[in-house]
Amino acid sequence: MSEFSNSERKILSDHFSNSNESVFAIITPKQVDRGALMSRYSRTDKSMRRIFLDEFLKNKNRGEEFYNKVLLEYGDDSVAELGEAQIAIEGLSNIAVKKIEDRRIGLSYLEKSSRYVAWNKKINGNYRFYREPVLMKSKFADLYLDTCNFSFDVYSKNIEPMINYVREKYPIEKYFFKDSKDGKEKSFSKLKKENDIKSANMIYRGSTKAKALDILRGLLPSATITNVGITGNGRAFEYLLTVLASSDLKEEQDLGSKIKKELNTTIKSFVRRADDKYGKAFQDYLKQIKKISKSIAAKEIKPKKVSGVMTALVDWESEKKSIDKIVTSIIYEQSPSTSYQNILHQVKNFSKEKKVKIINSFTDIRHNRRHRPSRAFESVYYTFDLLNNFGMFRDFHRHRVLTLERQLLTTDHGYNTPNEIKILGIEKEYKVCMDNTKVTFDKIRKKYPEQGQYVVNFAYNYPYFMKFNLREACHLIELRTVPQGHIDYRRVAQQMFKGISKVHPNLSKIMKFVDLKEYDLERFESEKRTEEKRKKLTK
């Protein structure tokens, strides 16, 4: 017999996917009610649908009242995770988007790509870069505008020449495409069907354009405008709003206010504390962290500038100790009624051969990179000291299951010049652009060190460190060495693998899908797969 009457079931059909199954979706339209139902659910022995009928149906403000009580009176942060929202932000700089994407937990991002989209178009006669308000009101305004415009000029005028160069160096006749008649891969000249020729051209144009834009992206200044979509819960958004409000940059402060305004239309109750007494105190706390850290660094550390690029493994444990930890963790889950300490004590007495055999057994069962190692491989950590171009950093920055700390973007560490820039004969112009940026940055930084970041090009080298466990190393390095990856981060990921292999020759074997080869057109095979999927969908 159903728990609900016929009339109740009719009401529930507008708010839940079903009224009689033990698994159901909450479809009541108000986000605040969906979240409040989830939270109230944990504090009563009633079923959720009964809670809705008894407490929410007659009181349209029940969800709002519930959150005011729980969040504001009791400060139960976890309930703020029950409210979710999607926010789109258009027209923000690459400086601001990195600050937003620094948030690791509770938020997911999709950002406009510099690989597929060219930034040469103007809007109302202006290139798309952020006009930093503090600089625009200062004596540096014209210098800032001239420098950014020059960077965009050099980038824009060389897009077509670079695409032509790439296509000349890697002609379409060199590559093989699928013949729809027999399903075999054939050279372009042997394709007969019009649709196959059209598909081949589409694949080739896409991969060669991506290659050209990859090469030229170093010319873009960090003020370059981008778009980002964010999906996340109220708790994570609340923290993001607090971080943005405590920033020294006007753009980030303004973004915080705009995001809060839009979240108020969807999950207001979940982010209410971001600008109340609690939020203001948290903002002050974040500012104090920065102030104290800056003071300690100034007093205690003698700076030493590093130029060029660097991928250095700087902190790790011995392989013997690391293997003991992983083998103990492997055994622990399936060893009831005993302690980690007891297992570790026994594992230490295993022979090296036995322990390596255990590790290898987990390597053997991985058949593709999506077969991630078990959590036991999270027991061992590596820290890398990194210095590579800012454009590449933006790709590595998307990995958040790790610890990443970074510095201000400057021109202090030199810049990256792709070989194709030299071969095309535009190295001199490229260098003039970078030198011009450095002169401008050095003038601005004396008074506005944070605002000066906006003028720095993607090609300039950027210092940061990353600390991650072996399981995450497996994911990051295997993913970032796939053939379609940008050549810059592929090389860094390959160097990471070699660094880990050197200190942990046995453990590193778990990373069995690392690609150490070089490729001409990185996107070519990926474009082919995409085209095959498109064909199937159109059928």
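- With E450 as the fixed residue, the salt bridge (Lys or Arg N to Asp or Glu O under 4.0 Å) test singles out one of R445, K290, K99, K250: K290.
- For D385, the salt bridge (charged side-chain N to carboxylate O under 4.0 Å, His left out) criterion is met by no residue, not counting sequence neighbours.
- Pairing each heavy atom of A493 with each of R480, the nearest pair is CB-CB, 3.8 Å.
- F152 has its side chain within reach of T224: a pair of non-hydrogen atoms, C-beta onward, lies under 4.5 Å apart.
- A donor-acceptor pair under 3.5 Å links the side-chain atoms of N469 to the main chain of E472, judged by distance alone.
- For the pair K502 and W316, the cation-pi criterion (under 6.0 Å, within 45° of the ring axis) is not fulfilled.
- With E111 as reference, N94 is the one residue of I230, I100, N227, N94 to meet the side chain to side chain contact (heavy atoms under 4.5 Å, CB included) rule.
- In this structure, R104 and L402 approach most closely via the heavy-atom pair NH1-O, 2.8 Å.
- A cation-pi arrangement is present between R273 and Y278, with the terminal nitrogen or guanidinium carbon under 6.0 Å from the aromatic centre and inside a 45° cone about the axis.
- Taking the six-membered ring for Trp and thresholds of 30 and 60 degrees, Y144 and Y454 have ring planes more than 60 degrees apart, a perpendicular arrangement.
- Listed by chain and number, the residues in a side chain to side chain contact (heavy atoms under 4.5 Å, CB included) with R406 are K98, D102, F393, H397, L404, Y462, Y464 (sequence neighbours excluded).
- Checked options L286, D284, L241; the residue passing with S246 is L286 (criterion: side chain to side chain contact (heavy atoms under 4.5 Å, CB included)).
- Cation-pi check for R131 over F129 is met; the charged atom lies under 6.0 angstrom from the ring centroid and within 45 degrees of its normal.
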